[in-house]
There are 2 protein chains.
Amino acid sequence: MVRDSNLRSTSRPTAVAPRPARARRYDARRDAILRAAARIFRDRGFADTGMRDIAIASDLSPANLYHYFKGKDEILFYCQDRALDRMLAAVAAARRAAVDPDGRLRSVLAAHVLTMLDEVEGATAHLQVEALAPPLRARIVQKRDRYERAVRRLLADGMASGAFVAGDEALLTRAMLGALNWVVTWYRPDGARTPGQIADEMARYLVRGVQPEGVRG
Amino acid sequence: MVRDSNLRSTSRPTAVAPRPARARRYDARRDAILRAAARIFRDRGFADTGMRDIAIASDLSPANLYHYFKGKDEILFYCQDRALDRMLAAVAAARRAAVDPDGRLRSVLAAHVLTMLDEVEGATAHLQVEALAPPLRARIVQKRDRYERAVRRLLADGMASGAFVAGDEALLTRAMLGALNWVVTWYRPDGARTPGQIADEMARYLVRGVQPEGVRG
DNA sequence: AGGATCTCCGAACAATGGTTCGAGATTCGA
DNA sequence: TCGAATCTCGAACCATTGTTCGGAGATCCT
C-alpha cells in the first residue's frame, strides 16, 4: 500500500527498468481487476455484481482483492475515473486537431461510444455515479461535470460561430450524452455493427440535429 | 387475492358504486405502493432499494407489502408495465391523430419523457429490465420490444415517405430512446425547465436529426 | 351480533454480500 | 542464503435484505 502511484513516474526512460518487477506485477494485477470489474459492472450493473464475481473473473480470491483496492467502491471509482480520463483526452485531442466545430464534436462523441464499449476502460463512466459513497462520488462528479462542460463548450462555440443552430446547450448536451451512454444497454458484440460503425453513425446523427440548413455532414 | 383485477371493469357506470369500498381501498393502497416504489427506484435504482424503504415511503409495514404484491420483483414489474402501457397508448394516439410523420414522432418522444418523469407511472420503464427474474422479465421485454418496434416503424414510415432521410432505423431509434431515458438521471424538479419544456425540446432536437434539408419543424 | 374475511404488523429466518482475520506461501534486497 | 515485506487464500464475521410466520385488530355480510 506504499505505492499508490496512479500517475506513472515517466520521468526517466533510462535503460534499466526504473520500475521494480514487483511493482510492475502489482500494477498489472490492479489492471486486470479493473478490467474484469468494468466488464461485469457494464453487463450486470454495480449493485448486482459481487466481490466474489470480480474475484472469480480476475482469478483471485475475494480476500485478495482487498490488497489492491480498499473495497468495492474504490474499484468502481477507478473504473469511472479511467473512462473519464480517456474521454477528456478525446476532447483535448479534438480541440488540438483544428477542424471545424462539426468534426470536433463528432470525434468527441464517437470517442465517447468507443470508451463505453471498450472493455479495458470503465464503461460505467456515468452510469452508476450515484452508487458511490460521498467522498469518492464527489471526485467523480467533479470530473464528470468537467467533461460535460467541455462538450457543452464545443457545442456553444459552434453556435456562436454559426456552425450550429441556437438552442439550449445544456439540454442538447445531455441529450447527446444520454444517447451515447445508452449504447451499453443494447450493444452486443455479435451484433451487425462494429463499435466503430456505431460510434460514427451515432455521432453523425447527433450532430446533424444541431446543424443549420445547407451544411449537412 | 381473489381480486387480481388490474383492468378496471368499466363496463357499467351505474349510479351505485359497482366496486365495493373494500376493493377500492385495496386498489388505492396498491397504487400508493407502486407510486412510492417507482419514485425510489428512479432515484436510487432497483437493487439499492429495500423493501423496508418502500414500506416506509408508503406508510406500511414491510410484511404488509406482501398482501399487495408477491414480492419485490412484482412491484418492479407493475411499475414497468404501467409505464410501457402509457407509452404504447401515446403511440396509438399519435397514429390516430393523422398528422405528418414529423409530428407523430415528436409527440411520441415527448410523451416518453413525460412518462419517465411522472411519479405516478413507472419511470423505471426500460431502466432496470435486467433486474427482473426470467418469468416476469420475459413479459416486460416483450412489451418493451413492441414499443420499440412501434417507434421504429414510425421512423421507417417517415423514411419511406421521404419525410425523413434514410438511415439505420434500429440504431436511430435506440439513439432517440437513449437520450429520452437518460433524462431521469439529470432531471431535477427545481430545475429551470419544466418536464413539458424538456419533452418538447428533446423531441424537436431528436426529430430534426433525421429530417432532410428544407423541412425543419 | 357473530363468524368469516381482510388488513396489518412485530419478530424472526435464511441467504447473500462486503469485509476482516490469521496464517501460510512467495518474492526480494542485502 | 536469510529475514522481511509482500501476496494469497480459506474461513468466518456481521450487517443487510427479501421474505415468512403467527396472531392481533379492523371490516364486512347476514
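Bear in mind the structure is a predicted one, so any value in this text is a computation, not a measurement. Proteins come first, then strands; the chains are lettered A, B, ... in the order of their sequence lines, and each starts at number 1.
Of the candidates C/dG18, D/dG18, C/dT27, the closest approach to any side-chain atom of B/Y66 belongs to D/dG18. In the set C/dA11, D/dC9, C/dG18, the nucleotide with an atom closest to the side chain of B/A63 is C/dA11. Relative to the side chain of B/Y68, the nucleotides D/dT8, C/dC8, C/dC9 differ in distance, and C/dC8 lies closest. Looking at the side chain of A/N64, the nearest of the listed nucleotides D/dA12, D/dT19, D/dC7 is D/dC7. Which of D/dG18, C/dC8, D/dT27 sits closest to the side chain of B/S61 comes down to C/dC8.
In this structure, the CZ atom of A/R52 is 7 Å from the C1' atom of C/dG18, given to the nearest Å. Separating the CZ atom of B/R24 from the P atom of C/dC6 is a distance of 18 Å, rounded to the nearest angstrom.
Along DNA chain D, the nucleotide nearest B/G71 and the nucleotide nearest A/L60 are compared for position; the residue whose nucleotide lies closer to the 5' end is A/L60.
With hydrogens and angles ignored, a donor-acceptor pair under 3.5 angstrom links the side chain of B/H67 to the base of C/dC8.
Taking a cutoff of 4.0 Å between a charged side-chain nitrogen and a carboxylate oxygen, A/R82 and A/D31 qualify as a salt bridge. Note on A/D200 versus A/R106: no salt bridge recorded, every NZ/NE/NH1/NH2 to OD/OE distance being 4.0 Å or above. The pair B/D85-B/K143 counts as a salt bridge, with a side-chain nitrogen and a carboxylate oxygen less than 4.0 angstrom apart.
Distance check: A/E74 CD to A/C79 SG gives 11.0 Å after rounding to the nearest 0.5 Å.
Considering only side-chain N and O atoms, A/R29 lies under 4.0 angstrom from the phosphate OP1 or OP2 of D/dT8.
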